[in-house]
Structure formats: C-alpha cells, structure tokens
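The sequence lines fix the lettering, A, B, ..., with proteins before strands; numbering per chain opens at 1.
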Protein chains: 2
Amino acid sequence: MEQISQVDVEARVERFRQECRHAGLSLTHQREIIFRALVEMHGHPSPESIYGEVKRQIPAISLATVYKNLKTFIDHGLTREVSLHHGALRVETNSAPHHHFVCVRCKEIFDIEEELLAPVELRRKLPEGFSLQRYSVEFQGLCRSCGEPSS
Amino acid sequence: MEQISQVDVEARVERFRQECRHAGLSLTHQREIIFRALVEMHGHPSPESIYGEVKRQIPAISLATVYKNLKTFIDHGLTREVSLHHGALRVETNSAPHHHFVCVRCKEIFDIEEELLAPVELRRKLPEGFSLQRYSVEFQGLCRSCGEPSS
DNA sequence: TGCTCCATTGATAACTGTTATCGAACGCGA
DNA sequence: TCGCGTTCGATAACAGTTATCAATGGAGCA
C-alpha cells in the first residue's frame, strides 16, 4: 500500500490527457486536478474525500463538479468503481452459497451456482492478521438481454 | 431461477422461528410476514420491493418496520446482503487488476494483488447469452484490527 | 488572435434511500 | 392476567447523489 511514484502519476496523467482528447472531452483545469488527486490518493476514496483533496487546490470547486467528472471518468474507463452494486441495499433470497454475475449495462445481478466453479486457490497466504470467513466471485459482463445485437 | 417450493418455504420459516426464539427476538406477525415474503421472492429484492409485497398482507405496515427487520435478519444471519459495500460510491486508485478483501465488521476494503490467486476455473460454461468481460474475487472476513482479541 | 459554439462549471434545489425519534401497541415470561 | 421490554407505525431528519440553469471557458476555425 505504498505511495505511487511521481513518475507513475505523470504517466497516468499523460495517458489521461490523451484519452480525453481521443474521447472528445475538454481538458479543463478542474478535470485534470480531480484526476490527479484520484491517482495520488490510495485505497478506495469516496467522492467526498476526493472533493476535500481537490478543494485544497481549487477552493471554489463544486462538489457537483467532482461527481460529474468521476462519472465521466468511469464512463470512459479512466477509473473503475469498486462495486457495480453500491447503490441500494439488496438482500439474498437464495440461501445456498453462490456467486454473482453482474451486467455492466443494466446492473442486474444473476446468481451463479457455486459448483459451476472450481474452488478458488490461493498461491500464498493472505496477509498476516486477516482471517477469511468466505469468498465469492463476481463476474462482470453483458447479460443475455444487454448482449443482444438488437439492443 | 424457478420458484422455491412451498415445502422449502415452510422449512425456512420454521427454522426462522427457532432462530428467533434462540436469539431472544420476539416473534411478531410483521416479522414473520416479512421473512416469508423474502423467502418467497426470488433474486435480490430491495427493501422497497419487499415492502410492496408485505403490504399486500399487512396494508398498515410501515416501511421503517421492513428496514428494521431486514437489518435484524442480516445481523442474525437469517439472510445476507448481496454486497457488503452497497453504501456510497468508491473509486479505485489501483489501476492494476486485483481482488478485494472486505472486513465484515468495519467494512474496510483491502486490495489483494491478482497474482496471489490462481486463475479461477469454470467447470462448465456460463449460461447461454452471457458474455464475460472480467471477474474479481471478494474475500470476506476480519481485518487485522478487527480480528485482534483486544477489540 | 479573436470569435463562436458547445461542453463544462458552480450554486443550489430536489430526490432517493435510509435511519432516528417517540409515543402506542404487543409478545412473552411470571 | 399483569407488567416489562421489544417492536411497531408515523414521520422527521439525514446522507449521498443528481438535476437545473445561468455563467464561464476550452477548442476549432476564420
């Protein structure tokens, strides 16, 4: 969990500029500062915490701008959200162990029966101090309806 | 995704009653109807949709009651939430592919480097029509700080 | 360089999902 | 049946997120 090197930051920012140009996105000051903050932070920051960081450089920036840009970044694959189903609470009705397939377009969740998968194998142990209770695999892709050429 | 059989429903409701007694939870009418609705639904219902279902049998029920009971059910392991990190948006700063370890107590998310894991193997193909783009494994358990006996 | 157009910004209202509060009602053991 | 502590229902409050809209400012072109 060490700090990302300055060289890597610059490389990612440069790639970011290219992607923006390529995608027809304006290269605004706010946009770049937000992206840079994101790359320089570590872990899994919330929009609020990115806002806090960016505000130190652009005190007048609006939280809405941060939200809008994060959404833009995600839409263009410049970053990823930790979880596709972060929105609202959903509960399981299937009490048997199983995995999930989440459609990246419609966000619907499909159960994948456990035995479809060979047991997951760790090559080494988890970091010291972490005790594992269970795991499940999340598959991402297009579901039947969203994958149809007609859509 | 076929309907759960009536026999299975009754079995789960009966187990539910036992668990409630065992946990010192009152067996209220609302509680049982909510649990029954949950078991009879399929997929990954939202509190709102369970509320809609329950309301057909107890028109005067409050949405808050549904929320409170779902939380109780989850706390007692009577059902599970689909995702431990459904709350707020979080974005990745780590652009390399990786997996996640989520602490069931503090909900913190830790990155697990991809190569710690042997590639996941499917025993059979995914159901027809699903196209896979990527997958990641979510490990659940206690993190270093939450697993300490001192806590 | 200056101009024009459209994307983006900032401020803020609105919205959604969820939780807190509190008096009334009810399950449960005595 | 009684009494206590849990749960319920109604609703206010809250957090996170999105929509709205006038003002601003990139980016291509004359």
Closest-nucleotide 5' rank along DNA chain C - winner of B:Leu27 and B:Ser46: B:Ser46

Closer to the 5' end of DNA chain C via nearest nucleotide, is it B:Arg21 or B:Pro47? B:Pro47

Round to the nearest Å and state the distance from [X] atom [atom1] to [N] atom [atom2].
X	N	atom1	atom2	value
B:Lys68	D:dA10	NZ	P	11 Å
A:Arg31	C:dA7	CZ	P	11 Å
A:Ile58	D:dT24	CD1	P	17 Å
B:Glu48	C:dT19	CD	P	13 Å
B:Ile33	D:dG9	CD1	C1'	17 Å
B:Gln30	D:dT7	CD	P	11 Å
B:Arg90	D:dT17	CZ	P	9 Å
B:Leu70	C:dT18	CG	P	10 Å

So, do B:Glu92 and A:Val82 sit near enough that their side-chain heavy atoms are less than 4.5 Å apart? yes

Tell me whether the centres of the aromatic rings in [X] and [Y] are closer together than 6.0 Å.
X	Y	answer
B:His44	A:His100	yes
A:Phe130	B:Phe110	yes
B:Tyr67	B:Tyr51	no

Within the 4.0 Å heavy-atom criterion, would you say B:Thr65 contacts the bases, only the backbone, or no part of the nucleic acid? base

Would you classify B:Ala64 as touching base, sugar-phosphate or nothing, given that sugar-phosphate means primed atoms plus P, OP1 and OP2, and contacts are heavy atoms under 4.0 Å? base

Between B:Leu63 and A:Thr28, which residue's closest nucleotide on DNA chain D lies nearer the 5′ terminus? B:Leu63

Which residue lies toward the 5' end of DNA chain D, A:Ser26 or B:Gly87, if each is placed at its nearest nucleotide? B:Gly87

Counting only side-chain nitrogens and oxygens, does B:Tyr67 get under 4.0 Å of the OP1 or OP2 atom of C:dT19? no

Under the side-chain hydrogen bond (donor to acceptor under 3.5 Å, both in side chains) criterion, do A:Gln30 and A:Glu32 qualify, and how do the steps go? CA-CA 5 Å; A:Gln30 290 87 337; A:Glu32 183 167 326; over 6 Å; no

